Amino acid sequence: MMGVLFDAEYVDETREMRLWLKSGERVFFAVDGSFIPRFFVEGEDPEKLARVVEKIEIRGNGRIIRPVSVRTVEMKRLGNTVKVLEVVPEQPKDIQTLRRFIREMPGVRQIYNYDIPVSKYYLISCGLSPMDGAEVEGEMKGSEVILSAPPKPVQLTAPRLSMMSFDIEVYNPAGSPRPEKDPIMMIGLAGDGGFRRVLTWRRFPTKLDFVEVLESEKKMIERFVEIVRERDPDILLGYNTDFFDFPYLRERARILKAKLALGRDGSEIVARRRKFATATRVRGRIHIDVFAMVDFLATIGSIRLVHYTLENVYKYLLGKDKPDFEFTKFVEAWEKGGEAWERLLVYNLSDAVAALELGHELLSLFLELSKIVGQVPFDVVRMTPGQMVEWLLIAEGFRRGELIPARPVAETYEERLEETYTGAYVMEPVKGLHENLVVFDFRSLYPSIIVTHNIDPSTINCSCCAGTGERVPDLPYHTCRRRRGFLPEVVEKILKARFDVKKRLKDLDRESHEYKQLNAKQWALKIIANSFYGMLGYPKARWYCKECAESVTSFGRHYIKWTIRMAEEAGFRVVYSDTDSLHCLLNGKSRDDAMRFLDDVNRRLPGMIELELEGFYPRAVYVTKKRYAMIDEEGRITVKGLEFVRRDWAAIAKHTQEAVLRALLEDGSREKAARIIKEIVERIRRGEVSLEDLVIYTQLKMPIESYRSIGPHVVAAKRLREAGREVEPGMIIAYVQTRGRGSISERAYPVELLGDREYDPDYYINHQVLPAVMRIMEVLGYSERDLTSRPGRQRGLDFFLQ
DNA sequence: AAATGACGGGG
DNA sequence: GTGTACGTCATTT
């Protein structure tokens, strides 16, 4: 049987690998209980070591742990052949026990391949790639195949994967919802083919035809499970589902004794703890948290927003607005019904629809990444770019018989953290507001440098080319001229594949399915290629190499500085440059001139190194290195390094910052920006600002007694408790800074107990509004005094700037 | 100056 | 990844 592999998982309890495949409309899974990963031991005398290792017997948990097979084999380490022991355990979980024991034996130098999770080891050693074909052989029972031989990779076009998204809305009377007592009010669902549904258990009258009212919260959850199983999507998505929806749903289901049997085999969801969130696995389906994909794109700099809310991301990527709903109004809607209730139902569905549409928009990129990296989409959508490169290298290393370096132990990691090196060139910006800019981007610079200059842990400062190797600019390093490194080979393969894809793209209709598919592929290849450098300098990476990373940045500085000189000579004015990008003023020149400059530079750059047009920007404001804001031709604002206004800031600060950036970038008016600030400062002074603009929301993370440092929200929480309110960890404390004596904390009052106390204008001016805007306004020539002085009394710099 | 605690996405 | 981010900022100590 053949199918496209879309998920793979190792099931601990049964010690089986499970492969999920799709062929046409048919989904089935293959089970393999025979796979045992192996690991390798490098020692002084392999033959002698083998005789000792094969006799190992460790008693533990009522059984004896011993290797099933020990033999000496030839493998490669950074390209050099080495003789090592191959150790096969009886069970995967014995690996760690055996490894810890062997590590302490005399004559043992290094151990390899012991820290690769079973399911990943399986895919790599079978040579399988997700979103590609696999041929399985064995006995068929229903939709289950018991494998009689290892699966084999085959060429197969991926069938379409069906999707469904969901979103829950939760009752939150305490500010932050508490899963142990606050119920789920509704569950919104959206699926392919226009399926739209909101499940709820509140019997308010509504004319909305997508609403289905159930008897209880438990019945609602059960109906949710039923719908998912009936419609049977391959992919289940949502926004921030790893962090919020699934953990919440899981806890409510536990309390209500409802089974979240969303798996294709009838199994319940499985929570996998990782990073700071819990990734939820749904067997036989791919659970994708759209936020994880968005976060990834933000990390690699593909999208840049002030806040990554569903609303903002939806607007930015799809250009559409969606209804909003204040989270402080949930309680009212739930308790009183009426118009607010209807709006909440609509909002809930719109969230599910937005997640679905974003899923459609972003999925193809991540499926391509999955294919390239060789790991399943469930894992790949949750990986950092560095992890992706690492898994690709592990698979490539396997094919070449390379030993896989272990992830560094804590001590090595600490040592690496201490090692610093000169990074990229970052130009001090020409500060202030500029108009008509063109931004060029050197995205393929670092991978091209790795390929062109053969940078690799095995080629850097090789002994065979001492004195004759290729020199690294400004560093006492050289690279090998005789042997090609592992990394340069892999990177070159990726860059060439991308080049081929881009060539094929030229002849295709931009709206066609094939174009979109191939475009996702070239994008994925670019992302992977660009991530090699980051991995070389990441202290937790297996192929970490400080000298390599240092050499890459040195070559990078060399090329960017050359390009800056070229741009200046061509008559542009470079106002900013960071690593691989230059921001230039058109300086009276045309767009065609900019494009001609680009061609000219590219003709003169060596080999694979290529400058690209990032875009034209009508306006931009530069504050310091790494801090600037730009507006593109569609009116989209991107902010870098200035976005520090968060939930624990008053709305007045957030609104002022936004308004100031808009005045500068949309209207090009520093006077308007200054006027906005002055007006707000005056309104604060006159006591005209409404309470909701002044409230600061901060979460109480611990019981009050546990705090060693008593911040404003802790004092406010204490006051709430003294007034007889229930206060517990997880609550969002809403407080206002009031006038009076004492520290900031001593003057924090919860909104509920504010009474007729006056807010503190000085605090809101000096600790909220001004910090949010001063970094920007200072570079435009304004001082705090200019912006806070009373109108008519002092003109400050305004006079000179006009 | 150092220590402490909160932010993000979600509701 | 048999694991517990991470870099930045405000306020307290």
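All chains are named by letter (A, B, ...) in the order of the sequence lines, taking the proteins before the strands, and each is independently numbered beginning at 1. None of the values given here were measured: they were computed from a predicted structure.
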Minimum-distance nucleotide (side-chain atoms of [X] versus [options]):
{"X": "F330(A)", "options": "dT12(C), dA6(B), dG11(B)", "result": "dG11(B)"}
{"X": "T309(A)", "options": "dG9(B), dG5(B), dT12(C)", "result": "dG9(B)"}
{"X": "R407(A)", "options": "dT4(B), dG1(C), dG11(B)", "result": "dG1(C)"}
{"X": "N240(A)", "options": "dT12(C), dG9(B), dA10(C)", "result": "dG9(B)"}
{"X": "D12(A)", "options": "dG9(B), dT2(C), dT13(C)", "result": "dT2(C)"}
{"X": "Y239(A)", "options": "dG11(B), dG10(B), dC7(B)", "result": "dG10(B)"}
{"X": "Y308(A)", "options": "dG9(B), dT12(C), dG1(C)", "result": "dG9(B)"}
{"X": "F244(A)", "options": "dG10(B), dG1(C), dC7(B)", "result": "dG10(B)"}

Do any pairs count as a salt bridge (charged side-chain N to carboxylate O under 4.0 Å, His left out) and have a residue in residues 698-709 of chain A, sequence neighbours left out, and if so which ones?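 Matches after skipping sequence neighbours: E705(A)-R721(A).
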Quick note, salt bridge (charged side-chain N to carboxylate O under 4.0 Å, His left out) partners involving residues 237-253 of chain A, not counting sequence neighbours, are E217(A)-R252(A), D242(A)-R382(A), E251(A)-R254(A)
Say whether T412(A) and E415(A), considering side chains only, have a donor N or O and an acceptor N or O under 3.5 Å apart.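 T412(A) vs E415(A): no donor-acceptor pair found between side chains.
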Are a donor atom and an acceptor atom from the side chains of N348(A) and E169(A) found within less than 3.5 Å of each other?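 The answer is yes; a qualifying pair exists.
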Which whole-number value in Å describes the distance from [X] [atom1] to [N] [atom2]?
{"X": "I696(A)", "N": "dC7(B)", "atom1": "CD1", "atom2": "C1'", "result": "14 Å"}
{"X": "D379(A)", "N": "dG3(C)", "atom1": "CG", "atom2": "P", "result": "15 Å"}
{"X": "M702(A)", "N": "dA3(B)", "atom1": "CE", "atom2": "P", "result": "17 Å"}
{"X": "N766(A)", "N": "dA10(C)", "atom1": "CG", "atom2": "P", "result": "13 Å"}
{"X": "Y112(A)", "N": "dG1(C)", "atom1": "OH", "atom2": "C1'", "result": "20 Å"}
{"X": "R627(A)", "N": "dG7(C)", "atom1": "CZ", "atom2": "P", "result": "15 Å"}
{"X": "D648(A)", "N": "dT8(C)", "atom1": "CG", "atom2": "C1'", "result": "11 Å"}
{"X": "H713(A)", "N": "dT4(B)", "atom1": "NE2", "atom2": "C1'", "result": "11 Å"}

Specify the residues of residues 245-253 of chain A, ordered by number, for which at least one heavy atom lies under 4.0 angstrom from an atom of DNA chain C. none
Scan residues 344-355 of chain A against DNA chain C and write down, sorted by residue number, each residue with any heavy atom closer than 4.0 Å; if none is found, say none. none
With a 4.0 Å heavy-atom cut-off, tell me which residues in residues 164-172 of chain A come close to DNA chain B, sorted by residue number.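 Going residue by residue through residues 164-172 of chain A, the ones with a heavy atom under 4.0 Å of DNA chain B turn out to be D167(A), I168(A), E169(A), V170(A), N172(A).
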So does [X] get a side-chain nitrogen or oxygen closer than 4.0 Å to the phosphate oxygens (OP1/OP2) of [N]?
{"X": "S745(A)", "N": "dT12(C)", "result": "yes"}
{"X": "S743(A)", "N": "dT12(C)", "result": "yes"}
{"X": "R708(A)", "N": "dG5(B)", "result": "yes"}
{"X": "R775(A)", "N": "dC9(C)", "result": "yes"}
{"X": "Y707(A)", "N": "dA6(B)", "result": "yes"}
{"X": "K701(A)", "N": "dC7(B)", "result": "yes"}

Could you tell me whether Y114(A) and Y121(A) have their ring centroids closer than 6.0 angstrom? no
Under the rule for ring-ring contact (aromatic ring centres under 6.0 Å, His included), what residues qualify as partners of Y314(A), not counting sequence neighbours? none
Check ring-ring contact (aromatic ring centres under 6.0 Å, His included) between W391(A) and all other residues, then give those that pass, not counting sequence neighbours.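 By the ring-ring contact (aromatic ring centres under 6.0 Å, His included) rule, W391(A) matches no residue at all.
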For [X], answer base if it contacts any base atom (sugar-phosphate contacts may also be present), sugar-phosphate if it contacts only those atoms, and nothing otherwise; contact means non-hydrogen atoms under 4.0 Å.
{"X": "Q96(A)", "result": "nothing"}
{"X": "P117(A)", "result": "sugar-phosphate"}
{"X": "R272(A)", "result": "nothing"}
{"X": "Y114(A)", "result": "nothing"}
{"X": "R178(A)", "result": "nothing"}
{"X": "T241(A)", "result": "nothing"}

Expected output: side-chain T299(A) to main-chain D295(A) donor-acceptor under 3.5 Å: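 Yes; at least one donor-acceptor contact below 3.5 Å.
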Does [X] have any side-chain hydrogen bond (donor to acceptor under 3.5 Å, both in side chains) partners at least two apart in sequence or in another chain, and if so, which?
{"X": "Y533(A)", "result": "Y421(A)"}
{"X": "R178(A)", "result": "D182(A), E728(A)"}
{"X": "R272(A)", "result": "E9(A)"}

Rounded to whole angstrom, note down the P distance from dA6(B) over to dA5(C). 16 Å
Between dG9(B) and dC6(C) - C1' atom distance, rounded Å: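 Rounded to whole Å, the distance is 15 Å.
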Return the stacking result for dG11(B) and F327(A): yes when the ring centres lie under 5.5 Å apart and the planes under 30°, no otherwise.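 Yes, F327(A) stacks on the base of dG11(B), since the ring centres sit under 5.5 Å apart and the planes are within 30°.
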Sequence neighbours left out, what passes side-chain contact (heavy atoms from CB on, under 4.5 Å) with F325(A)? Give chain and number order.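 side-chain contact (heavy atoms from CB on, under 4.5 Å) check on F325(A) returns K329(A), F330(A), A333(A), R343(A), L344(A), Y347(A).
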Result block: side-chain N/O donor-acceptor pairs under 3.5 angstrom for residues 709-719 of chain A, not counting sequence neighbours:
{"from": "H713(A)", "atom 1": "NE2", "to": "Q699(A)", "atom 2": "O", "distance (Å)": "3.4"}
{"from": "R719(A)", "atom 1": "NH1", "to": "E746(A)", "atom 2": "O", "distance (Å)": "3.1"}
{"from": "R719(A)", "atom 1": "NH1", "to": "A748(A)", "atom 2": "O", "distance (Å)": "2.6"}
{"from": "R719(A)", "atom 1": "NH2", "to": "E746(A)", "atom 2": "O", "distance (Å)": "2.9"}

Between D578(A) and K625(A), does any side-chain N to carboxylate O distance fall below 4.0 Å?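 Judged by the 4.0 Å cut-off on N to carboxylate O distance, D578(A) and K625(A) do not form a salt bridge.
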